[in-house]
Trainee: 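Input: one structure, supplied below.
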Amino acid sequence: MPELPEVEIVRRRMHEAMACRRIGQVTVHDEAILEGISSTAIVLKLKGRSVEEVLRRGKQLMCVLDDRSVLAVHLGMTGDVQVHDHPLEHRHLRFSMKISNGTWVHFIDQRKFGAVGHYMSQEALLAAKRLGPDALAISEKEFSGRVSSHRKAIKTTLLDQSVLAGVGNLYSDEMLFQCRIHPETKADSLSSRQLKCLHCAMLDILQRSIENGSDFELLDNKYLLHDRRSGSKCPRCASVWTTVSVNGRTSFICPRCQKVASPRS
DNA sequence: GAGTATGTTATATG
DNA sequence: GCATATAACATACT
C-alpha cells in the first residue's frame, strides 16, 4: 500500500491519535522490525514521553517527541498503522503503543520490510536515510534541477528517494504516462517542458490520491492507476498496456503513447 | 515450483 | 570516492 499518499493518510491518523498525548506501555512484538536499537532501549526512549506532532518526509513517518527526539516509522511494502481502543491480536502485529487517552497504536507489517527506529532529532533521521525534498513540497525549479542532474533512466531517478522523497513504483508510472514519457528515457535528456509536465502530474496525482483515500477506483479513467492491470487498455488510444522492467521494477506503459525518447547509446 | 508484489539497502561494477 | 546496476531481504499469493 504505501507510497506518499498512503503514508500521508497514515500520518494524519497517527497525528490525530498521538499529538499532545503521552506514550504509555510500549510492546515490541517482533524485534526484527527495529532498526539499530534493541527492544529494551526503544521502550526506554519512548515510554512516558509525550508526542508533539507526527510529520512525514516522503514515505518516512516521524513522531516528534517532547525531547525533540524522533520515533521513526517506515511502512515498507506492506506496513500499516491502525488505531484501536484496545490491544490487538494479529498475526502480523509487530509493535504497539498505548496512548494516554486509552487508545492503542498498532504497527502491522506482513513482509517485515517496514521499520521502527529512534533518532536524536529529525535532522539526524533525514541525514541517515538521505532523503531528498518531499515530493509535495518541491518546487518545479528544484524538481527539474535535481531530476535532470542524473543520467540514469527517468523512472529510476523518480524512485530514488535521495533525489526526491515519496514517489514509488505505481505513482511514477502514472506521472510518466500522463506526460507520455517512456520510463527508460535518460533523466538528463528530458526537455524543460517534459520536466515541468512531470512535476505538474506528480502534484496532481499525489494530491488527488490523498483526497480519495488512495482508492484508485475513484480516479477518473484517464489515469493509468484507475485500472492498472495487464490486459486493460490505455484510455487515450486503446492500446493494451505493455510492461517493461526498469531497474528491476515492473512498469506499465502504453506502447503507442510512450515511445523511447532517447536513442540508446 | 516459478514468478510477482506498493521499498530500501548492501554489494558489485565501471 | 562517485554514479549506477543488481541482488537480497520476508512473506503471501497466483
Side-chain angles (χ1 to χ4, degrees), chain A residues 1-11 29-36 56-62 72-81 90-95 107-117 119 125-132 134-135 146-177 183-189 202 205-206 208-210 212-217 219 223-231 241-252 262 264-265:
Chain A
M1 272 197 59
E3 293 184 36
L4 188 150
E6 295 77 17
V7 177
E8 173 60 16
I9 290 162
V10 169
R11 183 197 70 77
H29 304 281
D30 185 344
E31 197 156 18
I33 52 99
L34 295 181
E35 51 184 10
R56 180 191 57 70
R57 173 81 153 260
K59 306 167 193 167
Q60 181 68 56
L61 289 159
M62 307 182 281
V73 176
H74 196 289
L75 302 179
M77 291 271 265
T78 53
D80 192 20
V81 172
H90 189 291
R91 185 176 171 196
H92 304 303
L93 182 61
R94 310 297 179 194
F95 184 87
F107 176 59
I108 297 163
D109 184 21
Q110 175 198 111
R111 283 172 67 185
K112 296 199 271 193
F113 284 180
V116 174
Y119 293 80
L125 167 60
L126 296 173
K129 305 249 176 169
R130 291 196 301 272
L131 292 176
D134 188 81
R146 294 180 74 94
V147 168
S148 63
S149 73
H150 294 262
R151 67 180 54 185
K152 56 195 173 191
I154 179 59
K155 166 111 181 186
T156 306
T157 305
L158 292 171
L159 292 179
D160 183 339
Q161 304 297 296
S162 69
V163 175
L164 73 163
V167 175
N169 199 33
L170 267 44
Y171 290 96
S172 64
D173 276 4
E174 183 68 62
M175 294 161 59
L176 292 164
F177 169 65
E184 287 175 307
T185 311
K186 300 300 180 196
D188 63 358
S189 76
M202 175 174 77
I205 189 61
L206 294 179
R208 224 173 260 279
S209 253
I210 293 169
N212 288 343
S214 92
D215 181 346
F216 296 153
E217 291 191 4
L219 290 172
Y223 291 97
L224 161 60
L225 290 175
H226 176 74
D227 190 25
R228 185 187 187 272
R229 293 180 302 176
S230 47
W241 299 120
T242 300
T243 59
V244 50
S245 179
V246 183
N247 198 32
R249 323 290 296 168
T250 297
S251 309
F252 276 64
S262 61
R264 318 253 203 132
S265 52

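Sequence lines set the chain letters: A, B, ... in the order given, protein chains first and strands last, and positions in each chain run from 1.
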Trainee: So, is A/Gln161 close to the B/dG7 phosphate, meaning a side-chain N or O under 4.0 Å from OP1 or OP2?
Mentor: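 False: A/Gln161 side-chain N/O out of range (4.0 Å or more) of B/dG7 OP1/OP2.
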Trainee: Give the C-alpha distance, both sets of side-chain angles, the deciding distance and a yes or no for side chain to side chain donor-acceptor pair (under 3.5 Å) between A/Arg208 and A/Tyr223.
Mentor: CA-CA 11 Å; A/Arg208 224 173 260 279; A/Tyr223 291 97; 2.7 Å; yes
Trainee: Looking at A/His74, I'd like to know whether one of its side-chain N or O atoms comes within less than 4.0 Å of OP1 or OP2 on B/dT8.
Mentor: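 Yes, such a contact exists.
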Trainee: Expressed in whole Å, how much space separates the P atoms belonging to B/dT11 and C/dA10?
Mentor: 14 Å
Trainee: Examine the base of B/dG7 for any acceptor or donor lying under 3.5 Å from a partner atom in the side chain of A/Arg249, and report the outcome as yes or no.
Mentor: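 When only heavy-atom distances are counted, A/Arg249 does reach the base of B/dG7 through a donor-acceptor pair under 3.5 Å.
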Trainee: Starting at the 5' end of DNA chain B and moving along, which residue's nearest nucleotide shows up first, A/Thr250 or A/Leu159?
Mentor: A/Thr250
Trainee: Which whole-number value in Å describes the distance from A/Asp160 CG to B/dA10 P?
Mentor: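 Distance, rounded to whole Å: 14 Å.
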Trainee: Just by distance, do the side chain of A/Glu174 and the backbone of A/Leu225 share a donor-acceptor pair under 3.5 Å?
Mentor: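 Pair found, side chain donor or acceptor close to backbone of A/Leu225.
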Trainee: So which nucleotide does B/dT6 pair with, by the Watson-Crick or G-U wobble rule with both distances under 3.5 Å?
Mentor: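 By the stated definition (distances under 3.5 Å), nothing pairs with B/dT6.
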Trainee: Quick one: do A/Ser214 and A/Ile210 satisfy side chain to side chain contact (heavy atoms under 4.5 Å, CB included)? Show the steps, please.
Mentor: CA-CA 6 Å; A/Ser214 92; A/Ile210 293 169; over 6 Å; no
Trainee: Give the intermediate values and the outcome of side chain to side chain donor-acceptor pair (under 3.5 Å) for residues A/Asp188 and A/Ser148.
Mentor: CA-CA 4 Å; A/Asp188 63 358; A/Ser148 63; over 6 Å; no
Trainee: Please pick, from B/dT8, C/dT11, B/dT6, the nucleotide with the shortest atom-to-atom distance to any side-chain atom of A/His92.
Mentor: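 Minimum distance to the A/His92 side chain belongs to C/dT11.
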Trainee: N/O contacts under 3.5 Å, protein versus nucleotides 1-5 of chain C?
Mentor:
unit_1 : atom_1 : unit_2   : atom_2 : d
C/dT4  : OP1    : A/Arg151 : N      : 2.8
C/dT4  : OP1    : A/Lys152 : N      : 3.4
C/dT4  : OP2    : A/His150 : ND1    : 3.1

Trainee: Rounded to whole angstrom units, what separation is found between the CG atom of A/Leu125 and the C1' atom of B/dT8?
Mentor: 14 Å
Trainee: A/Glu6 side chain to A/Glu3 main-chain N or O, any donor-acceptor pair under 3.5 Å?
Mentor: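 Confirmed, A/Glu6 side chain pairs with A/Glu3 backbone.
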Trainee: Would the distance check show the side chain of A/Arg91 and the main-chain N or O of A/Leu93 forming a donor-acceptor pair, the cut-off being under 3.5 Å?
Mentor: no
Trainee: With centres under 5.5 Å and planes under 30° as the test, does A/Phe113 stack with B/dT8?
Mentor: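 No.
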Trainee: What nucleic acid atoms does A/Arg91 come within less than 4.0 Å of, heavy atoms only: base, sugar-phosphate, or nothing?
Mentor: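 Touches sugar-phosphate only.
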Trainee: Which whole-number value in Å describes the distance from A/Met77 CE to B/dT4 P?
Mentor: 13 Å
Trainee: Side chain of A/Pro2 only, please: which of B/dT8, C/dA12, B/dT6 is the nearest?
Mentor: B/dT6
Trainee: Of all the choices, C/dA10, C/dA12, B/dT6, which nucleotide is nearest to the side chain of A/Gln110 once you look at every atom?
Mentor: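 My answer, after comparing the listed nucleotides, is C/dA12.
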Trainee: Base, sugar-phosphate or nothing for A/Gly168? Non-hydrogen atoms, less than 4.0 Å.
Mentor: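 A/Gly168: backbone/sugar contact only, no base atoms under 4.0 Å.
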Trainee: Donor-acceptor pair, distance only, cut-off 3.5 Å: does the side chain of A/His150 make one with the backbone of A/Lys152?
Mentor: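 Such a contact is absent between A/His150 side chain and A/Lys152 backbone.
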Trainee: Taking atom P of B/dA5 as reference, at what distance in whole Å does atom CG of A/Asp173 sit?
Mentor: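 The distance from CG of A/Asp173 to P of B/dA5 comes to 10 Å, rounded to the nearest Å.
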Trainee: Which whole-number value in Å describes the distance from A/Asp80 CG to C/dA12 P?
Mentor: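 Result: 17 Å.
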Trainee: Could you tell me if A/Asn169 and A/Lys155 have a donor-acceptor pair between their side chains, going purely by distance under 3.5 Å?
Mentor: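 Judged by distance alone, the side chains do pair up.
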Trainee: Using a cut-off of strictly less than 4.0 Å, decide whether A/Lys112 has a side-chain nitrogen or oxygen near OP1 or OP2 of C/dC9.
Mentor: no
Trainee: Under a 3.5 Å cut-off for both distances, is C/dT4 Watson-Crick or wobble paired, and to whom?
Mentor: B/dA12
Trainee: Nearest whole angstrom, please: distance from the P of C/dA10 to the CG of A/Asp109.
Mentor: 12 Å
